[in-house]
Amino acid sequence: MESIEEFEAARPRLLSLAHRILGSVHDAEDAVQTAWLRTRTAGERIDNPVGWFTTVTTRVCLDQLRARHRRGEVPLLADAIPAAQIAADEDFIRREDVSRALLVLLEQLPPRQRVSYVLHDLFAVPFAQVAAILDTTPATAKKLASRGRARTHRAAEQLEAGGDEPRHREVVTAFLDAARGGDLQRMIMLMAPGCVRTVDAELLPPGVAPTVVGAVAVAEETRLFADRIQASTTLRLNGRTVDVIAPGGHPLAAVVVTTVGPRVAAITITRIRGTDLLTAA
């Protein structure tokens, strides 16, 4: 049986691994704790404790993913997740500097693809060990990771046509950066005077109008929701490049910015549905 000191030394890495596989700090902590309990019952000394801890933790996570799959569960959107969990996930993302976009995309992978991709591409686990964890061959593990990689990266031909696209993204990025920082004057400078902001009513607190007109009014209201903009990342939604608000790595809404020349002309914020397809930008 391995010592608690050895396991505690490995715990941060195991928690990071479990978080990428399961998408939730709470679930990851449960998985790591379960792995420790299973390790305690191992009756013999292990030559490679870190490899053993990784294997046990991953198998616990894989069991959870398969259980979700059998129950037909789809990844939860942010508004269906308790606020305390969102806060914990958001804190973990910021503390570990995890890619928000990657977490959203990982949720869409089948269990074995997700495990193979996370283990090999993100944690440099050899395919021989990945294969042993998945009870398959190294060649199959390599194919699974490759498929997961392909689904989390956009191919070059997916780039939208049109010479104005780079300029459009430049304006959008500048506006969102100003919004994240609550920079009122910069937002106003980047918007057309008659800019229109439209939001799905179900995303708004009571009393907030779904449509706001005018650069000053839009900027003032946007500053009130800077925390949501801070939790955004660029992805493709049903084939279109958008900025997805994803607190804790859980998708909530899509921000579509329309530009005319160097100015933002309209901002449309819509709730993401479970049937929407998210891919890498």
Side-chain angles (χ1 to χ4, degrees), residues 10-39 42 46 48-77 81 89 92-93 96 98-155 158 235-236 246 248-251 274-280:
R11 184 184 288 273
R13 183 176 184 275
L14 299 176
L15 183 59
S16 294
L17 171 67
H19 176 259
R20 271 50 160 208
I21 296 176
L22 296 174
S24 158
V25 174
H26 176 75
D27 290 344
E29 289 173 341
D30 284 349
V32 171
Q33 187 59 29
T34 299
W36 166 242
L37 294 176
R38 291 186 182 180
T39 298
I46 306 300
N48 179 7
V50 173
W52 171 257
F53 298 151
T54 298
T55 296
V56 175
T57 300
T58 304
R59 284 177 174 166
V60 171
C61 293
L62 185 59
D63 287 344
Q64 287 197 34
L65 290 182
R66 285 170 168 165
R68 293 178 190 174
H69 188 71
R70 285 194 300 270
R71 293 192 296 265
E73 293 181 8
V74 296
L76 292 177
L77 300 179
I81 298 173
D89 289 344
F92 191 86
I93 285 175
E96 294 224 339
V98 181
S99 167
R100 192 182 305 275
L102 179 62
L103 287 179
V104 174
L105 296 172
L106 285 174
E107 286 287 352
Q108 301 188 63
L109 297 182
R112 294 192 344 142
Q113 281 186 23
R114 183 167 183 169
V115 166
S116 296
Y117 174 76
V118 169
L119 284 174
H120 182 265
D121 284 44
L122 304 187
F123 287 85
V125 176
F127 279 124
Q129 186 178 349
V130 177
I133 292 171
L134 295 176
D135 193 23
T136 189
T137 64
T140 298
K142 188 174 183 179
K143 287 180 182 178
L144 289 167
S146 177
R147 289 169 184 165
R149 188 180 312 116
R151 292 182 66 172
T152 54
H153 291 73
R154 182 181 61 169
Q158 287 182 300
L235 291 168
R236 289 174 70 85
H250 309 285
T275 54
D276 287 328
L277 176 62
L278 289 163
T279 54

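Computed over heavy atoms, backbone and side chain alike; hydrogens, waters and symmetry mates excluded.
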Colleague: Give, for atom NE2 of His26 and atom CZ of Phe92, the distance between the pair rounded to the nearest 0.5 Å.
Modeller: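 Spacing of NE2 (His26) from CZ (Phe92) equals 14.5 Å.
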Colleague: Any idea which heavy atoms bring Thr136 and Ala141 closest together, and the distance?
Modeller: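 Result for this residue pair: CG2-N, 4.2 Å.
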Colleague: With a 4.5 Å limit on heavy-atom distance, are the side chains of Val125 and His120 in contact?
Modeller: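 No, too far: nothing below the 4.5 Å cut-off.
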Colleague: Kindly compute the distance separating CG (Leu105) from CG (Leu235), expressed to the nearest 0.5 Å.
Modeller: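 Going from the CG atom of Leu105 to the CG atom of Leu235 covers 5.5 Å.
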Colleague: Any side-chain heavy atom of Arg114 sitting closer than 4.5 Å to one from Arg20?
Modeller: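 Side-chain contact under 4.5 Å: no.
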Colleague: Within a strict 4.5 Å, meaning less than it, do heavy atoms of the Tyr117 and Leu102 side chains meet?
Modeller: yes
Colleague: Report yes or no: do Ser16 and Glu96 form a side-chain donor-acceptor pair below 3.5 Å?
Modeller: yes
Colleague: Could you tell me whether the side chain of Glu107 reaches within less than 4.5 Å of the side chain of Leu278, counting heavy atoms only?
Modeller: no
Colleague: Could you tell me whether the side chain of Arg13 reaches within less than 4.5 Å of the side chain of Phe123, counting heavy atoms only?
Modeller: yes
Colleague: Hey, does Leu62 have a side-chain heavy atom less than 4.5 Å from the side chain of Leu134?
Modeller: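 They are in side-chain contact.
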Colleague: Give, for atom OG1 of Thr54 and atom CZ of Arg59, the distance between the pair rounded to the nearest 0.5 Å.
Modeller: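 Separation between the atoms: 11.5 Å.
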Colleague: Could you tell me whether the side chain of Leu144 reaches within less than 4.5 Å of the side chain of Val115, counting heavy atoms only?
Modeller: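 No, their side chains stay 4.5 Å or more apart.
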Colleague: What residues, two or more places apart in sequence or in another chain, satisfy side-chain hydrogen bond (donor to acceptor under 3.5 Å, both in side chains) together with Asp121?
Modeller: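 For Asp121 the side-chain hydrogen bond (donor to acceptor under 3.5 Å, both in side chains) partners, ignoring immediate neighbours, are Arg149.
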Colleague: Check Ala18 against Cys61 and note the closest heavy-atom contact, atom names and distance.
Modeller: CB-SG, 3.6 Å
Colleague: Is there a side-chain contact (heavy atoms from CB on, under 4.5 Å) between Gln108 and Leu277 once you walk through the steps?
Modeller: CA-CA 9 Å; Gln108 301 188 63; Leu277 176 62; 3.8 Å; yes
Colleague: Tell me the closest heavy-atom pair linking Ala246 and Val104, and the distance in Å.
Modeller: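 Reported closest heavy-atom pair: CB-CG2, 3.8 Å.
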Colleague: Can you name the ring-ring contact (aromatic ring centres under 6.0 Å, His included) partners of His250, sequence neighbours left out?
Modeller: none
Colleague: Applying side chain to side chain donor-acceptor pair (under 3.5 Å), run through Ser116 and Arg147 and close with a yes or a no.
Modeller: CA-CA 9 Å; Ser116 296; Arg147 289 169 184 165; over 6 Å; no
Colleague: Check the pair Leu22, Asp30 against side-chain contact (heavy atoms from CB on, under 4.5 Å), reporting the backbone distance first and the verdict last.
Modeller: CA-CA 11 Å; Leu22 296 174; Asp30 284 349; over 6 Å; no
Colleague: Which pair of heavy atoms, one from Pro110 and one from Arg151, lies closest together, and at what distance?
Modeller: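 Nearest heavy atoms, Pro110 then Arg151: CD-NH1, 3.3 Å.
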Colleague: Considering residues, nucleotides and ligands other than Asn48, do more than 12 of their heavy atoms fall under 6.0 Å from its CG?
Modeller: yes
Colleague: In Å, rounded to the nearest 0.5 Å, how long is the span from CG of Leu103 to OG1 of Thr152?
Modeller: 11.5 Å
Colleague: Decide yes or no for Leu119 and Gln129: does some side-chain heavy atom of the first lie under 4.5 Å from some side-chain heavy atom of the second?
Modeller: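 Answer no - side chains too far apart.
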Colleague: Just verifying a value: how many Å separate Leu15 CG and Gln33 CD, rounded to the nearest 0.5 Å?
Modeller: 11.5 Å
Colleague: So, does Asp89 use its side chain to make a donor-acceptor pair with the main chain of Ser24 at under 3.5 Å?
Modeller: no
Colleague: Quick one: list whatever passes salt bridge (Lys or Arg N to Asp or Glu O under 4.0 Å) with Arg68, sequence neighbours left out.
Modeller: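 Partners of Arg68 by the salt bridge (Lys or Arg N to Asp or Glu O under 4.0 Å) criterion, ordered by chain and then number, come out as Asp27.
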Colleague: Just verifying a value: how many Å separate Phe127 CZ and Ile133 CD1, rounded to the nearest 0.5 Å?
Modeller: 12.0 Å
